[in-house]
Amino acid sequence: MERDELLDFFRKLDRSLFLDKEFREYADCDSPLPIGYRQTISQPSLVLEKTRLLNLSREMRVLEIGTGSGYQTAFLARFAREVYTVEIIEELSLKAQKRLAGLGFKNIRFKVGDGSQGWPEHAPYDRIIVTAGASKVPDPLLEQLSCGGLMVIPVGTPSLQDLLLVEKNKDGSLSQKPVGKVVFVELKGEYGWRNR
Ligand code: SAH
């Protein structure tokens, strides 16, 4: 992906389209904002950073866990071939579907359900991005990552996480490195923070 293309898209994409009316005036602030149901849209600089870490290209199939507002999804859909995105809160998924269809994206498939278990039917994925914080990398996601694939996921405590870049090497072995401290809402579900 050309770095300038990404920046260009970032500058042109109107974040207010992904916000409810009462928060639209803050769309240009580089901070997370509420999207309802006690969830947040990430700050734009972090979305840019995560997208850059994924090093996307046009042939790739991407799995996203935590559709949320759909803002990050738009970046994935613009720079990859196909995006599979899972959201546990139905209302958020439906709103995101409407927005992204309105923007003309046709390469996104949506699912409502527990994304901590991935989306096995379409695996393996060249890239996986998790937009909620987990206590550890969910095993199903590691299984559903292709050899040579990359995953970006925040891992730590509910209040602070390391953003991890996980690579599944060609021989199937894993390597991972922390690339920064972040604060995301909690990943729920079977392989997330259960009962919270
Ligand atoms: N990328 C989104 C971030 C939304 S916040 C955006 O920019 O708007 C994280 C989202 O992950 C929330 O919408 C939350 O409901 C969702 N989530 C949490 N646990 C999940 C799970 N196990 N499966 C799918 N989605 C989950």
Side-chain angles (χ1 to χ4, degrees), residues 1-21 23-36 39-87 92-111 115 119 122 125-133 141 145-146 148-154 161 163-167 177 179-185:
M1 177 206 319
E2 289 291 321
R3 191 164 179 269
D4 289 351
E5 274 185 314
L6 175 56
L7 267 183
D8 211 39
F9 183 74
F10 175 76
R11 293 203 183 104
K12 281 187 191 143
L13 184 63
D14 181 1
R15 188 173 177 240
S16 73
L17 296 175
F18 298 87
L19 290 164
D20 294 327
K21 232 188 267 127
F23 294 106
R24 278 189 199 141
E25 61 182 294
Y26 307 110
D28 292 334
C29 302
D30 193 29
S31 58
L33 292 169
I35 55 172
Q39 307 303 317
T40 54
I41 182 174
S42 298
Q43 65 265 44
S45 58
L46 187 52
V47 172
L48 191 61
E49 167 76 8
K50 285 184 293 173
T51 309
R52 199 172 280 151
L53 284 168
L54 284 176
N55 195 18
L56 296 171
S57 71
R58 277 292 184 200
E59 313 79 61
M60 292 179 174
R61 299 166 69 249
V62 182
L63 174 66
E64 178 187 44
I65 308 306
T67 315
S69 66
Y71 180 60
Q72 171 78 71
T73 320
F75 286 77
L76 306 175
R78 167 64 183 79
F79 293 102
R81 178 159 63 90
E82 268 179 318
V83 180
Y84 296 83
T85 184
V86 186
E87 170 57 52
L92 288 176
S93 177
L94 293 175
K95 268 203 225 178
Q97 292 181 35
K98 221 182 260 170
R99 290 170 179 143
L100 291 161
L103 287 168
F105 288 106
K106 296 188 168 61
N107 58 340
I108 308 171
R109 293 185 62 181
F110 298 87
K111 179 179 172 174
W119 192 344
H122 303 287
Y125 303 96
D126 304 299
R127 300 289 186 262
I128 297 179
I129 179 169
V130 183
T131 71
L141 299 185
L145 186 62
S146 64
L150 291 175
M151 175 174 3
V152 172
I153 177 169
Q161 304 95 36
L163 190 62
L164 297 185
L165 182 63
V166 180
E167 180 166 10
K177 63 172 179 192
V179 294
K181 295 285 179 195
V182 288
V183 180
F184 278 84
V185 297

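Just so it is clear, the model here is predicted, and its values are computed rather than measured. Residue numbers run from 1 in the order of the sequence given.
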Indicate whether any N or O donor in one side chain lies under 3.5 Å from an N or O acceptor in the other, for Glu87 and Ser93. no
Looking only at the side chains, is there a donor atom on one of Ser42 and Gln72 sitting less than 3.5 Å from an acceptor on the other? no
Distance check, rounded to the nearest 0.5 Å: [X] atom [atom1] versus [Y] atom [atom2]?
X	Y	atom1	atom2	value
Arg15	Phe10	CZ	CZ	8.5 Å
Arg52	Leu7	CZ	CG	5.5 Å
Phe105	Gln97	CZ	CD	14.5 Å
Lys50	Ile153	NZ	CD1	11.5 Å
Ile41	Leu19	CD1	CG	4.5 Å

Keeping Arg127 on the side-chain end and Gly149 on the backbone end, is there a donor-acceptor pair under 3.5 Å? no
Check whether any side-chain N or O of Arg109 sits under 3.5 Å from a backbone N or O of Thr85 as a donor-acceptor pair, and report yes or no. no
Not counting sequence neighbours, which residues clear side chain to side chain contact (heavy atoms under 4.5 Å, CB included) with [X]? List them please.
X	result
Lys106	none
Val182	Leu46, Pro154, Gln161, Leu163, Phe184
Arg81	Arg61
Leu145	Ile128, Met151, Lys168

Closest contact, heavy atoms only, [X] versus [Y]:
X	Y	value
Val185	Gln39	CG2-OE1, 3.2 Å
Leu13	Ala74	CD2-CB, 3.9 Å
Ala96	Thr67	CB-CG2, 3.8 Å
Ala77	Asn107	O-ND2, 2.9 Å
Leu53	Leu150	O-CD1, 3.8 Å
Glu59	Asp126	O-OD2, 4.2 Å

According to salt bridge (charged side-chain N to carboxylate O under 4.0 Å, His left out), who are the partners of Lys98, at least two apart in sequence or on a separate chain? none
Can you list the residues that meet the salt bridge (charged side-chain N to carboxylate O under 4.0 Å, His left out) rule with Lys12, with sequence neighbours excluded? Asp8
Sequence neighbours excluded, which residues qualify as side-chain hydrogen bond (donor to acceptor under 3.5 Å, both in side chains) partners of [X]?
X	value
Glu25	none
Lys111	none
Ser16	Asp14

Kindly indicate, with the supporting measurements, whether the criterion side chain to side chain contact (heavy atoms under 4.5 Å, CB included) is fulfilled by Leu76 and Leu54. CA-CA 9 Å; Leu76 306 175; Leu54 284 176; 3.7 Å; yes
Heavy-atom check, side chain of [X] versus side chain of [Y], under 4.5 Å:
X	Y	result
Val179	Leu164	no
Thr131	Glu64	yes
Val62	Tyr84	no
Phe79	Glu5	yes

For the pair Trp119 and His122, name the ring-plane relationship: parallel under 30°, tilted 30 to 60°, perpendicular over 60°. perpendicular
Ring pair (Phe, Tyr, Trp, His ring centres under 6.0 Å) partners of residues 44-76, not counting sequence neighbours, each pair once: Phe9-Phe75, Phe18-Tyr71, Tyr71-Phe75
Going by the ring pair (Phe, Tyr, Trp, His ring centres under 6.0 Å) test, which pairs reach into residues 41-64, not counting sequence neighbours? none
Under 4.0 Å between a side-chain nitrogen and a carboxylate oxygen: does that hold for Glu167 and Lys177? no
All N/O donor-acceptor pairs, side-chain side in residues 27-34, below 3.5 Å, sequence neighbours left out:
{"residue": "Asp30", "atom": "OD1", "partner": "Ser45", "partner atom": "N", "Å": "3.0"}
{"residue": "Asp30", "atom": "OD1", "partner": "Ser45", "partner atom": "OG", "Å": "3.2"}
{"residue": "Asp30", "atom": "OD2", "partner": "Ser45", "partner atom": "OG", "Å": "2.8"}

Out of Leu141, Ile129, Val130, which residue meets the side chain to side chain contact (heavy atoms under 4.5 Å, CB included) rule with Leu63? Leu141
